[in-house]
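Inspection log for the structure reproduced underneath, given as structure tokens.
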2 protein chains.
Amino acid sequence: MVQISNDDEPKRRGRPRAYDPQAALLRAMDAFWKSGYSGTSLDDLSAATGMNRPSLYAAFGDKRSLYLKALAHYWQVALGAMHADLAENRPLADSLMRAYEGALAIYFSGEDRARGCFVVSTAVTEAVEDAEIREGLMTGFLAFDADFEARFRAAQRNGELRDDADPAALAVIATGVMHTIAIRARSGATRAALEELARKAVRALCG
Amino acid sequence: MVQISNDDEPKRRGRPRAYDPQAALLRAMDAFWKSGYSGTSLDDLSAATGMNRPSLYAAFGDKRSLYLKALAHYWQVALGAMHADLAENRPLADSLMRAYEGALAIYFSGEDRARGCFVVSTAVTEAVEDAEIREGLMTGFLAFDADFEARFRAAQRNGELRDDADPAALAVIATGVMHTIAIRARSGATRAALEELARKAVRALCG
DNA sequence: AGGATTTTATGCGAGATGGTACAAATATCG
DNA sequence: CGATATTTGTACCATCTCGCATAAAATCCT
């Protein structure tokens, strides 16, 4: 029984937790990421996190609630990474490639086989029957569009991009390239092939 | 389209079927389309097709086998429609818009809420754990790319497209736009918004 | 030490799930 | 008509599924 040292927490009153909630959430996310929401059972989640069912339930609520927490965490990480990759001061093509490289690092982060994007691979499936997930998806995708569009506008101001280019159009195309990379990664494309795809797309978008 | 022998079959020996296999397959596809592979139970499929479980099993095999048949049918229809939309003799921009309009017609074909693309919304989720599905996905996406690329090459020969454009790059971008449309349709975007997105993207691709 | 508090661990229970056995039903063939 | 062939419908089985009740364990407070 390993005691998790957590210094920033004051002293808790009862029996100490045998798990780190944040780490457990990441492991649960891995399980959902691999098999999707419906394809992941509580036993799978229990095995992945090392927590038994009552502990899982006490920490995260029911299965859907745990999934929503994992989804929210993924959105935060993905949007944060994108925003950072695009914001740094680089030539436009480098910025875009940075964003796609960052995405690929996530899509191929599984220990086993490439899992693609957590959102695209698991949440989209549930979107028809779950309004909360569905609305979160639209919000997130529009945030991607907005980040790309801002980057294209900046490039236009700097003279990196033709004046007659349409930043909004290029932005949804850039998101589209991200989506097709995510889908193809899960479909067995190699990382090298997708890097090449990204390079070609960036060249076409910036040329 | 291959006509499966129906009435032209001489005479079957035993009790006649109470269902049309082709229609049942379409209804089963609808059920999977809505809830995904894991999210659809045999009871759901039984209700959707009007067939009881033993009949379902006799006609299509087990659940996975039925799903694979639905997936194969969808691929055939989707690829056929794309190929036809792109092949007809039209200006490049019209061809592309035709392809996206055709896709949107499928993505919004549900009686209830938009279901997006059957492949993207259900098969991609299963791709990690099912090699057969995964390999079919890569084959299908590359077929999309190939059709788009052929169309861009033709446009280049006709002088519709700049000589320095990269048809292969434009093709994966065009597939990417298709994918992001599919994802957004299931995520609640309106059809009008996606038509506008497609128009913008086509303008950027052909300009 | 002894009570209070919180977490862990076992395991139960009601229902869903995928798949099948078996007999009744409905057709053709001889 | 009776034999044969095929499908249907009911009912069933073994397993999984989610969620929770309950008691034991491990810590803090007085």
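Atoms considered below: every heavy atom in the structure, side chains included; atoms not considered: hydrogens, waters and symmetry mates. In what follows, chains are A, B, ... by sequence order, proteins preceding strands, each numbered from 1. A quick note: this is a predicted structure, and the numbers were derived from the prediction, not measured.
- Remark: C1' of C/dA9 and OH of A/Tyr19 are 14 Å apart, rounded to the nearest angstrom.
- Taking atom CZ on A/Phe60 and atom C1' on D/dC18, their separation rounds to 17 Å, with Å as the unit.
- For B/Phe141 and B/Trp75, the ring centers sit closer than 6.0 Å to each other.
- Here C/dG19 presents its P atom at 8 Å from NZ of B/Lys63, a figure rounded to the nearest Å.
- A distance-only check finds no donor-acceptor pair linking the side chain of A/Ser121 to the backbone of A/Gly116 [under 3.5 Å].
- A donor-acceptor pair shorter than 3.5 Å can be found between the side chains of A/Ser55 and A/Asn52.
- Ring to ring, B/Tyr67 and B/Phe118 are close: their centroids are under 6.0 angstrom apart.
- Put simply, CZ on A/Arg15 is 14 Å from P on C/dT6, counting in whole angstrom units.
- On a pure distance criterion of 3.5 Å, no polar donor-acceptor pair joins the side chain of A/Arg13 and the base of D/dT27.
- For the contact set between residues 36-56 of chain A and DNA chain C, defined by any heavy atom under 4.0 Å, the members are A/Asn52, A/Pro54, A/Ser55.
- Among residue pairs with one or both ends in residues 170-199 of chain B, those qualifying as salt bridge (charged side-chain N to carboxylate O under 4.0 Å, His left out) are A/Asp145-B/Arg184, B/Arg191-B/Glu195, B/Glu196-B/Arg199; sequence neighbours excluded.
- Toward the 5' end of DNA chain D, the nearer of the two residues A/Arg64 and B/Pro16, judged by each one's closest nucleotide, is B/Pro16.
- For B/Tyr57 and C/dT20, the shortest distance from a side-chain N or O to OP1 or OP2 is below 4.0 Å.
- No hydrogens or angles considered: a donor-acceptor pair under 3.5 Å links the side chains of A/Thr125 and B/Thr125.
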